[in-house]
2 protein chains.
Amino acid sequence: MPKIPDATIKRLSLYCKELRVLSNEGMEVVLSKDLANRLDLNPTQVRKDLSYFGKFGRRKRGYDVSELLANLSEILGITTDNKIGIFGLGNLGRALLNFKGFSVRGFYVAALFDVDPAKIGSTLFGKQCYALSDAQEIVKKEGIKIAVLAVPDGAAQDVMDVILGCGIKSILNFTQRHVVVPEDVMIRSVDFTDKLELLAYFSRSKSNGR
Amino acid sequence: MPKIPDATIKRLSLYCKELRVLSNEGMEVVLSKDLANRLDLNPTQVRKDLSYFGKFGRRKRGYDVSELLANLSEILGITTDNKIGIFGLGNLGRALLNFKGFSVRGFYVAALFDVDPAKIGSTLFGKQCYALSDAQEIVKKEGIKIAVLAVPDGAAQDVMDVILGCGIKSILNFTQRHVVVPEDVMIRSVDFTDKLELLAYFSRSKSNGR
DNA sequence: AATATTATGTGATATTATTCACTTAATTAA
DNA sequence: TTAATTAAGTGAATAATATCACATAATATT
């Protein structure tokens with residue numbers, strides 16, 4: 001089996017997202033060229049990326065939108081129920097709890113964790129909140145595979161260690177800290193400051209009349 | 001002049017972020033090795049990246065944290081005060097209000113906007129909350145150039161229209177909706193579902209023993 | 001003061017990712 | 001039915017990126 005490039009894997013979810021948009025727009029078929037244009041990529045790259053996983057297109061016709069979306073979803077594991085646990089229930093954690101996008105993509109928030117006694121044992125938006133100290137037990141019981149880290153920055157590494165102690169290997173980090181994890185653990189950080197800086201640059205060049 | 005790799009540019013803000021953390025921790029000097037470890041990079045890469053812009057380190061000693069941070073900030077153009085307005089004060093809006101990264105990067109939250117009478121006129125985390133209907137006046141008065149859209153998805157386009165009516169040309173969109181804007185407006189959307197999907201893929205291939 | 005050590009800076013090299021150039025299959029038109 | 005066309009699929013070439021290996025400078029030690 002040929003090794004699939006990291007860069008390819010990262011693009012798969014982009015393709016998924018765009019295919020959902022196309023699907024909403026009522027498009028039934030899409031060409032590698034069109035998909036590439038919409039994502040600012042090279043058509044060859046789109047085809048090559050897809051070719052690592054199979055032959056999804058039809059020559060002279062293109063790719064069937066819903067079929068390709070289904071295939072990529074399958075590859076990305078979006079069809080299976082991915083159970084996630086949210087660690088930290090401040091404003092950010094609660095905002096994420098309200099986020100509809102999880103269920104749309106087959107993600108299920110299975111448990112909440114916090115250290116605040118006022119929250120532990122209570123139910124937030126229909127989800128049970130547990131003590132951080134009980135995480136190992138609950139994670140195992142619920143089969144949670146993905147952790148969402150939404151604690152205050154100062155607690156990031158400590159809570160991270162708890163998460164690792166639960167055997168979770170996939171983490172979505174919403175803190176601003178760069179937490180250290182073992183090599184077999186995948187951590188992705190959500191950071192929008194790069195976009196902020198870009199917008200700042202844009203608004204500045206706007207007002208300069210450039 | 002040697003061409004600076006795109007990958008290097010993208011890492012500069014990572015370095016900035018980590019240097020700010022180091023600065024907060026009271027570190028005055030940092031080694032390329034340490035910076036690399038904290039960011040999960042190779043020390044050589046850190047040095048090479050920095051070397052495109054100059055010689056900031058001292059052999060046998062390392063890099064002066066605040067000096068390097070100042071240099072990188074200069075390079076990235078993070079200097080002027082950018083005034084932003086937050087539209088929508090649900091959990092997400094409040095989470096953003098708490099977000100320290102704004103001020104650290106020279107962004108200043110100048111006003112909050114909502115439609116909830118209970119919030120209008122009140123002060124949240126030291127910031128004044130105004131009625132959405134007063135946005136035009138306040139935006140002009142405060143000189144707000146960037147809008148953060150954090151309203152419920154259903155209200156996205158309506159509030160977007162209000163924002164546009166204020167003459168704001170730079171928008172950071174936290175809703176899941178695809179909002180329509182004129183061509184001279186820059187909108188950046190914050191979406192982490194691609195990362196979620198990547199994590200799902202990873203956790204699945206893990207359990208398959210791949 | 002001389003020597004050893006350590007960490008930066010960097011040309012050379014290895015690795016990884018992208019694009020080219022072409023083949024193949026499906027469709028359309030003659 | 002045959003030829004022309006079009007778009008996917010793909011090995012090979014190119015380009016971009018990361019790492020190695022070592023020269024260089026600063027500091028510490030003897």
Side-chain angles (χ1 to χ4, degrees), chain A residues 1-15 18-19 22 27-72 75 178 183 186 194, chain B residues 1-15 18-19 22 27-72 75 194 198 201-202 205 210:
Chain A
M1 196 171 61
K3 203 233 165 237
I4 294 158
D6 284 359
T8 292
I9 307 274
K10 284 181 190 160
R11 276 189 297 267
L12 287 190
S13 46
L14 278 183
Y15 297 146
E18 202 56 36
L19 286 167
L22 286 165
M27 305 282 271
E28 294 187 357
V29 168
V30 68
L31 307 180
S32 63
K33 197 179 92 181
D34 299 335
L35 198 51
N37 280 344
R38 297 178 75 123
L39 292 170
D40 227 351
L41 299 169
N42 183 302
T44 310
Q45 183 155 77
V46 172
R47 295 202 298 276
K48 184 119 228 189
D49 282 344
L50 297 177
S51 78
Y52 286 109
F53 301 98
K55 301 185 182 190
F56 304 114
R58 288 215 285 159
R59 285 158 204 248
K60 179 81 188 210
R61 187 153 186 278
Y63 298 87
D64 184 280
V65 172
S66 59
E67 190 188 310
L68 183 56
L69 179 56
N71 274 305
L72 293 186
I75 291 161
H178 187 272
E183 215 172 73
M186 176 172 271
D194 52 340
Chain B
M1 194 174 58
K3 202 239 166 230
I4 293 160
D6 284 359
T8 293
I9 307 270
K10 285 181 191 159
R11 275 189 297 268
L12 286 189
S13 55
L14 277 184
Y15 297 146
E18 203 55 34
L19 285 167
L22 286 164
M27 305 283 271
E28 294 186 356
V29 168
V30 67
L31 306 181
S32 63
K33 196 178 94 179
D34 299 335
L35 198 50
N37 280 343
R38 296 178 73 124
L39 292 170
D40 225 351
L41 300 169
N42 184 300
T44 309
Q45 182 155 79
V46 172
R47 296 202 299 276
K48 186 118 224 194
D49 283 344
L50 297 177
S51 77
Y52 287 108
F53 302 97
K55 300 184 183 190
F56 305 113
R58 287 216 285 158
R59 285 159 203 248
K60 179 82 188 210
R61 186 151 185 280
Y63 298 86
D64 184 280
V65 172
S66 59
E67 191 188 310
L68 184 56
L69 180 55
N71 274 305
L72 293 186
I75 291 162
D194 53 341
L198 186 67
Y201 175 80
F202 176 78
S205 62
R210 265 197 281 166

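In what follows, chains are A, B, ... by sequence order, proteins preceding strands, each numbered from 1.
Taking every nucleotide of DNA chain D with any atom under 4.0 Å from a non-hydrogen atom of chain B, the first and last of them, 5' to 3', are D:dT17 to D:dT27.
Taking only side-chain atoms of A:Arg11, from C-beta outward, the nucleotide of C:dA12, C:dT23, C:dT18 with the closest atom is C:dT18. With C:dA17, C:dT18, C:dG9 as the choices, the nucleotide that has an atom nearest any side-chain atom of A:Tyr52 turns out to be C:dT18.
Scored by the side chain to side chain donor-acceptor pair (under 3.5 Å) test, A:Ser51 finds no partners at all (sequence neighbours excluded). For B:Asn42, the side chain to side chain donor-acceptor pair (under 3.5 Å) partners two or more places apart in sequence, or in a different chain, are B:Thr44. Contacts of A:Arg47 classified as salt bridge (Lys or Arg N to Asp or Glu O under 4.0 Å), with partners at least two apart in sequence or in another chain: none. In this structure B:Asp64 satisfies the side chain to side chain donor-acceptor pair (under 3.5 Å) test together with B:Ser66, sequence neighbours excluded.
Taking atom NZ of residue A:Lys48 and atom C1' of nucleotide C:dC22, one finds them 12 Å apart after rounding to whole Å. If you take CG of A:Leu41 and C1' of C:dA17, they are 13 Å apart, rounded to a whole angstrom. C:dT10 atom P lies 11 Å from atom CZ of B:Phe56, rounded to whole Å. Here the C1' atom of nucleotide C:dT16 and the NZ atom of A:Lys3 are 9 Å apart, to the nearest Å. Atom pair A:Asp40:CG and C:dT19:P shows a separation of 11 Å (rounding to whole Å applied). Atoms CG (B:Asn42) and P (C:dT10) sit 17 Å apart, rounded to a whole Å. If you measure from atom OH of B:Tyr15 to atom P of C:dT8, you get 12 Å, rounded to the nearest angstrom.
Among the heavy atoms of the strands lying under 4.0 Å from A:Arg58 are primed sugar atoms or P, OP1, OP2 only; no base atom is included.
The base of C:dT5 sits within donor-acceptor range of the side chain of B:Lys60, with an N or O pair under 3.5 Å.
At distances below 3.5 Å, not a single donor-acceptor pair connects side-chain atoms of A:Asp34 with backbone N or O atoms of A:Val30.
The distance from atom CZ of A:Phe53 to atom OG1 of A:Thr8, rounded to the nearest 0.5 Å, is 7.0 Å. Note that the CG atom of A:Leu35 and the CG atom of A:Leu41 stand 8.0 Å from one another [nearest 0.5 Å]. Here A:Met186 contributes atom CE and B:Tyr201 contributes atom OH; the two are 9.5 Å apart, rounded to the nearest 0.5 Å. Distance check, rounded to the nearest 0.5 Å: CG of A:Leu14 to CG of A:Leu72 gives 11.0 Å.
Residue-to-nucleotide proximity on DNA chain C shows that, of A:Arg59 and A:Asp6, the 5′-proximal contact is made by A:Asp6.
Shown for residues 31-38 of chain A: residues whose heavy atoms fall under 4.0 angstrom of DNA chain D, namely A:Leu31, A:Ser32.
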